[in-house]
Amino acid sequence: MRGRSSVGVVCGLLSLLGTLLTGCQSPSGGVAEDGRLGDVATGRTEQTATAPPVPTRPSGYGAVFLAVGECSSFGTTSFTEVPCAGERAAARVVARHDGTVRDGPRCPATTDFVLHISEQRPASDEDGDGTVPQGYACMRNLQPPHPGDPGGGGGPRTIVGDCVYASGDGQVRETACDGEDEHKPQYKVVRAVTARADCPGPTALYVRLGGKRPVGCARPL
């Protein structure tokens, strides 16, 4: 009987000791049901600081009004930006600049026409501030004809290969080299040089081209 009692007492002491040890090893902060560390007794939890989501601008069509590579509908005075794959797409932007054509960079040589973008166009706003900066877009038709090509009879620039006719008062205007325009070609620009002295011998007319080689050497047709 004494032996059994001793065993019972020892077992009871071990059980009590285990309970005490468990209580000593328990941290004051527990684990909340959602897995965050905190004080289970009071219900307080530590919140992890997170940065607010950064708004992202849409890419491609519509991110910036008439950005390079985007397309416009038909028209040079009334137009809208449209998806290039759509049936309304007429021309693609090959260069885009802020400001005015007079003060800004020149369009690429084979630009077909220029779209002048007014400063106030809330319907086409690109960043939500109610305005679109004044600028211009250099456009290239998606389909022929391309008046900006050499001899095409149009485009914002006169380049080598273009034809001109005398319009009076010492002025010349561009016309198609194939003679199908209203005005027949009289001269053709065959070379662009830095000074008139650099033109070849048969040059009969000097055409102002602008750029690094501002003089166009034209021969009669």
Side-chain angles (χ1 to χ4, degrees), residues 50-165 173-183 185 188-189 192 207-214 216:
T50 58
V54 179
T56 57
R57 296 177 64 88
S59 60
Y61 162 62
V64 176
F65 182 64
L66 287 182
V68 173
E70 294 178 349
C71 294
S72 75
S73 61
F74 294 90
T76 58
T77 57
S78 177
F79 57 88
T80 57
E81 180 183 314
V82 295
C84 290
E87 60 182 11
R88 297 180 58 203
R92 188 185 304 273
V93 181
V94 295
R96 172 75 153 82
H97 304 290
D98 293 334
T100 63
V101 175
R102 181 186 298 273
D103 301 326
R106 307 177 75 202
C107 284
T110 57
T111 298
D112 287 330
F113 63 95
V114 177
L115 289 181
H116 299 272
I117 302 169
S118 62
E119 186 174 0
Q120 300 288 335
R121 287 185 61 87
S124 301
D125 185 15
E126 61 188 44
D127 55 11
D129 63 358
T131 64
V132 174
Q134 181 183 20
Y136 57 98
C138 309
M139 309 299 296
R140 176 81 172 171
N141 292 331
L142 295 179
Q143 302 293 334
H146 294 289
D149 285 350
R157 294 180 54 182
T158 301
I159 59 177
V160 173
D162 281 341
C163 293
V164 297
Y165 68 96
R173 294 185 181 277
E174 188 177 338
T175 187
C177 289
D178 59 13
E180 295 184 358
D181 282 357
E182 178 183 357
H183 299 278
K188 184 173 184 177
V189 180
V207 181
R208 183 180 301 173
L209 304 181
K212 295 181 179 180
R213 296 182 177 182

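These values consider heavy atoms only, across backbone and side chains, with no hydrogens, waters or symmetry-generated copies.
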task = Take Ser72 and Glu81 through the test side-chain contact (heavy atoms from CB on, under 4.5 Å) and record every step on the way to the result.
result = CA-CA 4 Å; Ser72 75; Glu81 180 183 314; over 6 Å; no
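Between the side chain of Ser73 and the backbone N or O of Arg88, no donor-acceptor pair lies under 3.5 Å. Judged purely by atom type and a 3.5 angstrom limit, Arg140 has no side-chain atom pairing as donor or acceptor with the backbone of His146. Side-chain atoms of Arg92 never come within 3.5 Å of backbone atoms of Cys84 as a donor-acceptor pair (strictly under, hydrogens ignored).
Heavy atoms only, all atoms of each residue included: Ala67 and Val93 are closest at O-CB, 3.4 Å. Residues Leu66 and Cys71 share a closest heavy-atom pair of CD2-O, 3.8 Å. The two residues Ala89 and Pro83 make their nearest non-hydrogen contact at CB-O, 3.5 Å.
Atom-to-atom distance recorded for Cys107:SG and Phe113:CZ is 10.5 Å, nearest 0.5 angstrom. To the nearest 0.5 Å, atom OG1 of residue Thr158 and atom CZ of residue Arg208 are 11.5 Å apart. Between the CD1 atom of Ile117 and the OH atom of Tyr136 there is a distance of 10.5 Å, given to the nearest 0.5 Å. Here the CZ-CE distance, from Arg96 to Met139, works out to 10.5 Å after rounding to the nearest 0.5 Å. Interatomic distance, Phe65 CZ to Thr80 OG1, rounded to the nearest 0.5 Å: 7.5 Å. Within the model, atoms CD1 of Ile159 and CZ of Arg213 stand 14.0 Å from one another, a figure rounded to the nearest 0.5 Å.
Arg157 is not listed as a side-chain neighbour of Thr111, based on a closest heavy-atom distance of 4.5 Å or more.
Heavy-atom neighbours of Arg106 CZ from other residues, nucleotides or ligands within 6.0 Å: above the threshold of 12.
Of the listed residues (Asp112, Asp181, Thr110, Asp162), just one forms a side-chain contact (heavy atoms from CB on, under 4.5 Å) with Pro147, and that residue is Asp112.
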